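Worksheet: one structure, shown below.
Since we're looking at a predicted model, the values are computed, not measured. Ligands are counted one by one from 1 in listed order, and the atoms in each one are counted from 1 as well.
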Amino acid sequence: MSTDQNPPSYEPGIIEPKWQKKWLETKAFAAKDFDKRPSCYVLETFPYPSGAGLHLGHCEGYTASDIFVRFKRTQGSNVMYTMGWDAFGLPAEQFALKTGQHPSVAVEKNVATYTKQLKSLGFSYDWDREINTTDPKYYKWTQWIFLKLFEKGLAYVDRRPVWWCPELKTVLANEEIIDGKSEVGGFPVERKFLLQWVLKITAYADSLLAGLKDVNWAESTRRMQEAWIGRSEGAEISFDIEGFPDDKLIVYTTRPDTLFGVTFMVIAPEHPLVDKLTTSANKAKVEAYVKAAASKSDLDRTELNKDKTGVFTGSYAINPASGRKAQIWVGDYALGSYGTGAIIAVPAHDERDYDFAQKHGIEIVPVIEGPNKEPLPYTGTGKMINSSKYDGMDSEVFKKKIVEDLAKIQRGKPTVNYKLRDWLFSRQRYWGEPFPILWISDADYRKIDRAKTKLVLPAANVSYSENGKIQYAVGLPFDNLPLKLPEVDNYKPSDTGESPLAHATTWVNVYLNITTGETHDNPQCQNCVPARRETNTMPQWAGSCWYYLRYIDPHNSSQLIAPEKEKYWGMPQLYINGAEHAVLHLLYARFWHHFLFDIGVLTHREPFPRVVHQGIVLGEDNQKMAKSRPDFVVLPDTVIKEYGADTLRLYLMFMGPLEDMKPWSSKGIEGVHRFLRRSFREIIGEDGKISAKIKEGPETNAETEKLLHATIKKVSADIENLRFNTAISALMILLNQLQAASSISLQTASSYVQLLAPFAPHLGEELWEKLGGEGSVGEAPWPSFDESKLVSSTVKIVVQVNGKLRAELELPTNVDETKAVEAAKANEKVKPHLEGKTIRKVVFVKGRLLNLVVG
Ligand code: ANZ
């Protein structure tokens with residue numbers, strides 16, 4: 001704390017809260033709809049407010065976008081920069097299970113902590129646009145989008161196998177199961193068939209692929225998303241089966257050119273023909289195999305290094321091209337869920353098939369010869385061999401030709417497949433958005449007058465049947481949303497895998513007026529039928545699929561987003577997030593966005609034109625920070641307490657390129673803290689007033705002037721390109737020059753503060769105020785640079801000793817011979833070569849070379 005006796009020092013603990021308060025009070029960062037300035041919308045991933053609070057990863061990404069928007073404001077943009085909470089999810093529900101308190105209690109507490117932490121970092125959000133996915137006013141629109149998907153036939157139900165862990169009483173994701181046991185606790189899991197909601201994302205596969213052509217994303221991310229969608233062009237080929245004249249075995253292949261090399265077939269354990277094709281001699285073996293396969297995940301089954309297992313059914317397929325017989329095996333490396341669930345196996349040209357054939361002693365017939373007669377399996381292209389009349393043909397030509405020829409005899413057709421699967425959209429959980437759906441009987445469904453009802457009915461009926469009774473899904477009227485999540489006493493999923501909402505029997509069982517869509521508990525009501533609410537909830541992804549749209553119009557109760565506002569703000573011109581979002585979040589959100597575009601809600605087809613992934617901040621030991629190694633976990637709060645938020649921000653950006661993985665360093669943070677202290681000291685004098693070194697009038701030091709212009713140019717370009725670390729280096733070099741100069745102009749000092757301000761906004765405001773700057777430094781127009789002042793002020797001079805290159809010196813452009821010799825003598829690399837010797841001759845080429853002849 002400064003007193004009258006002591007010169008003031010840099011005290012972030014005082015400066016920072018002061019400016020944070022001021023920014024909040026003046027609503028300094030309000031985004032103004034329809035303002036004349038150009039709009040600039042920047043998005044960052046809204047956090048899941050966990051009990052652990054904000055971590056360094058959040059701070060890194062958020063600081064980067066905050067610098068970017070602060071820079072944009074000074075350039076005259078009307079910035080929209082926002083924050084919200086992705087607050088549905090398992091941990092809040094588990095908190096409820098443990099404490100008996102409603103999950104919203106945990107959410108509220110955590111949101112308060114996060115808010116405080118984010119404010120303490122000085123992020124320039126428009127807090128009036130804050131959103132929370134668990135707020136009924138928000139999830140009303142999540143439900144609305146779902147209802148639209150339902151109405152358009154893009155949501156359906158299916159009895160799907162899910163992994164169920166009886167011990168944990170929960171459904172688990174594929175990734176949570178290792179070797180048939182739960183990752184947590186190692187308990188056995190079983191397949192359970194539960195009724196699930198599924199969204200038809202596959203209908204958007206081509207649209208999602210096409211859109212990737214127009215985005216400015218990291219190449220690796222674009223490719224990952226492409227691979228996830230996995231468009232594959234191939235052919236379906238139909239095989240006769242010996243002894244089963246009424247059946248065909250249809251396979252999907254991307255290599256019809258290998259057809260003459262087929263020596264066996266593999267069908268998935270789930271394939272509908274397994275039982276039929278298994279001869280009695282093989283029955284026991286096949287049944288045991290099929291049973292064992294049921295507990296493996298697709299991931300386990302297709303893992304390349306896994307042993308390729310299988311059993312022979314005893315039946316044979318007949319190759320439509322060669323007429324040869326091929327054994328039909330059941331093997332779990334053929335997946336039931338891809339293509340047709342059956343494949344041709346060509347050991348000569350496919351690694352998996354090769355391993356399998358070797359292991360089971362099956363014949364290997366090469367049909368493509370590579371240019372260098374490569375060893376098997378050979379997966380490249382070449383000349384056809386062992387393929388009857390096609391021998392000698394180029395394999396790429398043959399690939400098309402054979403499909404055409406097979407098509408003529410109805411044995412084949414070109415086919416496109418996708419890796420992308422429809423999206424399993426329901427969870428047996430409490431803490432999620434309820435589905436605005438009710439189930440009614442077949443007879444009651446038929447009573448609905450489609451012309452009169454306000455219920456939402458899908459183009460194609462959505463139904464399921466249980467014990468011979470058919471149930472139909474109807475959607476609540478759009479006007480009746482939100483359907484609020486009911487209070488329950490018991491948050492546990494039940495033994496049957498049913499969602500905890502099923503316990504809320506009075507909420508679940510209602511009477512539905514099939515005209516008005518109203519629900520109540522009065523059985524007497526006319527037009528009413530008994531109905532049962534859907535008790536699954538939506539997955540965590542739902543709320544985050546469209547949140548970036550809601551910031552544009554967060555309080556609109558009659559529309560998801562007003563079209564004029566969507567037009568004005570457009571889509572976020574920058575979205576910084578973690579690389580873990582490369583597929584799921586960015587794909588799901590794009591799907592909903594394309595859909596909303598198609599139904600006329602939006603005018604922009606792609607939501608995220610520019611996506612950048614921040615790199616992970618590692619611990620000082622170069623490992624991922626983890627609770628298990630608490631000594632290496634750095635918490636933002638602790639750093640802020642010790643050094644202040646400006647230091648934390650600056651250091652996170654100085655550590656290295658934004659997208660790189662980089663380790664924390666306590667030395668490094670000391671360094672940037674010193675830099676901020678030096679900046680403070682350079683502007684503010686001993687008496688607490690503006691430093692005596694700072695003079696009115698134009699800059700008189702030519703070196704300073706040149707460097708200032710070069711720094712303005714560099715920092716501006718670096719911020720635009722998110723190269724914050726090099727921008728900060730440039731500021732450090734400029735500060736060195738300011739310190740070395742005997743005086744600085746007020747203009748230079750002000751420009752320096754402006755350049756520093758996006759990175760260290762609190763210190764920026766403080767120094768700006770001291771310099772007598774007008775208003776907030778965040779609003780002052782960004783300094784401009786003069787290209788003509790950038791002419792380099794230094795040259796590289798090559799130093800030779802007896803003609804041998806010894807060093808390169810950076811010296812002022814107009815350096816003379818004497819000064820150059822002096823500099824060379826002082827240089828560490830040159831010194832040893834002069835020791836004990838006399839300079840006999842000096843050759844100096846101005847601005848280029850210095851040769852010292854010694855002896
Ligand atoms: C014969 C063949 C020969 C194949 C060859 C490959 C190489 P993508 O690009 O992934 O679509 N396949 C087809 N359906 C399958 C299923 N349900 N489970 C496991 N594998 C399946 O690859 C398609 C290839 O993967 C197909 O082409 C098929 O093997 C296999 F030298 O057919 B191929």
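- For a threshold of 3.5 Å applied to N or O pairs, the pair formed by K419 and ligand 1 contains at least one separation below that value.
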In a table with atom names and distances, give each donor-acceptor pair under 3.5 Å that connects a side chain of residues 576-583 to protein atoms at least two apart or in another chain.
{"residue": "N577", "atom": "OD1", "partner": "H613", "partner atom": "ND1", "Å": "2.9"}

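- Residue contacts with ligand 1, taken as heavy atom pairs separated by less than 4.0 Å, do not involve H271 at all.
- Here ring-ring contact (aromatic ring centres under 6.0 Å, His included) pairs that include residues 269-293, with residues two or more places apart or in two chains, number zero.
- Of all heavy-atom pairs between F591 and L149, the closest is CZ-CD2, 4.3 Å.
- Comparing heavy-atom distances from atom 16 (C) of ligand 1 across I267, L335, V416 singles out L335 as nearest.
- Annotation for ligand 1: atoms under 4.0 Å from non-hydrogen atoms of I344 are 1 (C), 32 (O).
- For atom 19 (C) of ligand 1, the candidate residues are Y418, Y333, Y338, Y252; the nearest heavy-atom contact is made by Y333.
- Between Y464 and D158, the side chains place no donor N or O within less than 3.5 Å of an acceptor N or O (distance only, hydrogens not considered).
- D394 places a side-chain N or O within donor-acceptor distance of the main-chain N or O of E396, the cut-off being under 3.5 Å.
- Inclusion of H349 in the set of residues having an N or O under 3.5 Å from an N or O of ligand 1 is not warranted.
- For ligand 1, the atoms closer than 4.0 angstrom to any heavy atom of A334 are 18 (N), 19 (C).
- For T258, no nitrogen or oxygen atom sits less than 3.5 Å from a nitrogen or oxygen atom of ligand 1, counting backbone and side chain alike.
- At a cut-off of 3.5 Å, with distance as the only test, a side-chain donor of Y252 or S232 sits close to an acceptor on the other residue.
- In this structure, the side chains of T279 and T313 stay at 4.5 Å or more apart for every pair of heavy atoms.
- Considering backbone and side-chain N/O atoms, D353 never comes within less than 3.5 Å of an N/O atom of ligand 1.
- Near S232, the atoms of ligand 1 lying under 4.0 angstrom from a non-hydrogen atom of the residue are 8 (P), 9 (O), 11 (O).
- The closest approach between a heavy atom of G234 and any atom of ligand 1 is not below 4.0 Å.
- Closest non-hydrogen pair, D86 versus Y48, comes out as O-CD1, 2.9 Å.
- Remark: ligand 1 atoms within the under-4.0 Å shell around heavy atoms of R352 are 20 (N), 25 (O), 30 (C).
- Under the 6.0 Å distance and 45° angle rule, K308 does not count as a cation-pi partner of F356.
- Contacts of I343 with ligand 1, taken as heavy-atom pairs under 4.0 Å, involve the side chain alone.
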